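What follows is a set of notes on a single structure, which appears directly below.
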Amino acid sequence: MCKVNLLIRSIHKVDALNMEYSTQLTFREEWNDARLAYDDGGFHKFLVLPDPDKVWKPDLFFQNERQGHLHNILVPNVFLRIHPNGDIMMSIRMSLTLACTMDLRFFPMDRQVCEIRMASYGYTTDDIEFDWKQIAAPVQLANFTMPRFALEGIRTGYCTSVTSTGSYSCLKVLLFLEREFSYYLVQVYVPTCMLILVSWVSFWLDPEATPARVTLGVTTLLTMATTQSGINAQLPPVSYTKAIDVWMGVCILFIFSALVEFAFVNYWNQMDKQKIRKQQEQKQKKEDAEKKEQEAQLKETLNQQSSSHLHGSLPNHLHTHETGGTLGSRNRSQTSLDQYGNARPASARHSQRSLVYRNNSSGARNEQETELLEGDRNPYHTYDGRHHAATDEVFLEDDAHFRMRNPSPHSRASLLHPCPVHGQQIALLGNQTVTVDELEAGHGHRHLMGNHMGSGGTVQGSRKDLRGVMAEDGNKKLSDLKRRCCFGYLRIPSKRAKKIDYFSRLIFPCFFLVFNLLYWNLYLGNVRDWPE
C-alpha cells in the first residue's frame, strides 16, 4: 500500500489550442519496506538518504503527462526519509505539462475540468495499490492565481484501470477551472459591438456619399474578419460550433448586410435620379410650350388693344354713344371703357372709382376736384371664384384731347414684372408708376387686383396685402422648421433610397437587440454544470 498526497504550487498556463495546462507541484508518497527497518535505541527519528536511487521506489507515473522535468537548482529538489520501523517517505518537486480534454462549445463562457492521473506502470493491484493519505486535505493548494481562469475547486478520486495485462491502481485529481469572461468582454464583445455601431453610421450618411459609405463598410468588415482570425488562432479547429463563432458570425453578417444595404440604396438612388431627370425634362418641355403659348396670346391681346382707338378726342375709358339723338341730347348712354379700350358692363361701371384731376386753361394746376362715381355698395366682384377689389386708379392729364397715355405693345410688354405675392409675371395697371420695390416695401400701396392683370387677360391672385402675405409665409416657414426639428425623424422619406436607410436605422438595431437577448440567454443561462 502506497499513500500519496500533493501540494499544487502553481498552474501558470492553460492552453486551449493544444488542450493542455502546465503546473508545478510537490509530489509525496509513503510506503513501508521492512528490509530498511533499524533499531538505534531511538536516537534518530528518521534518516535522510543522500542518494535516493539506491532505494526501491514504486513505479508511479502520470498518465496524462506530455512534458515534465525535475528541478536540480541548486541541488536536486528531492529527499527520502527512512523511519526506524521501515516507513519511507519521498518528496520531489516537479513541473509537468498535462493534457486536458476541453469542451469549447460555450467558449469563452466555458468551464473546464482538468485531471492529474497517477497510476502504477508495471505492478498490478496484486503487487501494489495507491491510496490517498488520510489527512484533512490530501491535495493542498499554494497561494496562486491564474490569468484567464479561476480555480473553483478540487476533488480527489480513483481511476483504477483494467487492461489485458491486469488491473492497475490509479489516483486522480479533478481541477475545476472557470474561464474569466471579463477579458473576452473587454477584448472581443465590446469592440465588435462598436464595430457594428460604426457600420450603422452609414445609414445616416447621404446616399450620394458613395466613397465614405463604401470605405466605412469595407473597413469595419475587414476589421471584424481580422478580429475573428485572431480569436480562432488561439483555439483548436474543432468540429462543433463555439459560442464565439456564433457571435462573430452574426456580427460579420450584420456588417456585411449594412454593406449590401448600401448597394440597394445606391441602386435605387440612381433610379430615382434618372426618374427625376426625366420628370424635369418633361416639365421643362411643358413649361417652354406654355411660355411660348402665353407669349403668343399676350402679343395678340396687346395688338388688339392698341389698335382700338374709337375716338381720338376722348379719353379711352369714357365714350358717348348716340341712341337716337344728337351728341348733346339727353337720350344718350355712357359706357365706361378700361385702359385698353374694352367696354365694361354697367355693374362694373357703377362700382368703379375714378380720380379725375382738372387743370385750368393756363395749364397750371390750381384746384383738385374729386368726383366719386359710385352706384353699387358691394365693392367686390368675383373673378374665377375669388373676391377681389374692383378699384382702379386712373390719372388723367389736361392735354388737348384729355388722352390717356397708351403705351405701345413693345413698351407694354416691358411692364411685366414678377409679382412678389403671386410669384408670376404680371402687367401693372392703373398707377403705372408703382414699382415692384414699392409694392414689396408697402409704401402706401395695397396689393389689389386692380394693380395687375395676368397674361391671359384675366385677373389672378388674391386681395391680401403684401405685408400680410409675407408675414403668413414667415409663420408658415417657422412652423415647418419646428415640425422638422421635432418630428422630422418620424417622417418617412419619399425617395426609395432614403426610405431604405430610414427603415434600416430601425430594423438593424432591433434585430441586433433580439439576437443579444437570445444569445446571452442561451449561453449564460445554460452553462454546463460541474460533474458529480
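Heads up: numbering here begins at 1 and tracks the sequence. Since this is a predicted model, take the numbers as computed values, not measurements.
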If you take all heavy atoms of Thr219 and Thr223, which pair is closest and at what distance? O-OG1, 2.7 Å
Closest non-hydrogen contact found for Tyr21 with Ala99 is CE2-O, 4.1 Å
Verdict with supporting geometry, Phe144 and Leu151, side chain to side chain contact (heavy atoms under 4.5 Å, CB included): CA-CA 10 Å; Phe144 66 91; Leu151 183 60; 4.0 Å; yes
Using 30° and 60° as the class limits, which term best fits the ring planes of Phe512 and Trp200: parallel, tilted or perpendicular? perpendicular
Relative to each other, are the rings of Trp31 and Trp56 parallel, tilted or perpendicular (30° and 60° limits)? perpendicular
Answer yes when [X] and [Y] have at least one side-chain N-carboxylate O distance shorter than 4.0 Å, and no when they do not.
X	Y	answer
Arg105	Asp110	no
Lys285	Asp288	no
Glu129	Lys3	no
Lys273	Glu208	yes

Is there a donor in the side chain of Trp268 and an acceptor in the side chain of Asp272, or the other way round, less than 3.5 Å apart? no
Could you point out which residue of Phe106, Tyr189, Trp247 forms a ring pair (Phe, Tyr, Trp, His ring centres under 6.0 Å) with Tyr523? Phe106
Could you check whether any side-chain N or O of [X] sits under 3.5 Å from a backbone N or O of [Y], counting only pairs where one atom can act as donor and the other as acceptor?
X	Y	answer
Asn521	Leu517	no
Thr23	Leu96	no
Asp40	Tyr38	no
Ser202	Ser199	yes
Lys242	Pro108	no
Glu20	Arg66	no
Asn77	Met94	no
Asn85	Asp87	yes

pair Leu177-Val14: side-chain heavy atoms closer than 4.5 Å: yes
Would a 4.5 Å heavy-atom cut-off, applied to side chains only, mark Asn266 and Thr210 as touching? yes
Can you confirm whether more than 12 heavy atoms, excluding those of [X], are under 6.0 Å from its [atom1] atom?
X	atom1	value
Tyr158	OH	yes
Lys172	NZ	yes
Phe511	CZ	no
Lys291	NZ	no

For the aromatic rings, using the six-membered ring if either is Trp, is the centroid distance between Phe107 and Tyr184 under 6.0 Å? yes
pair check: Cys193 + Cys251, SG-SG < 2.5 Å: no
Does Arg81 make a cation-pi contact with Phe46 (under 6.0 Å, within 45 degrees of the axis)? yes
One pair to check against side-chain hydrogen bond (donor to acceptor under 3.5 Å, both in side chains): Gln112 and Arg179. What are the steps and the verdict? CA-CA 8 Å; Gln112 305 298 335; Arg179 197 180 301 273; over 6 Å; no
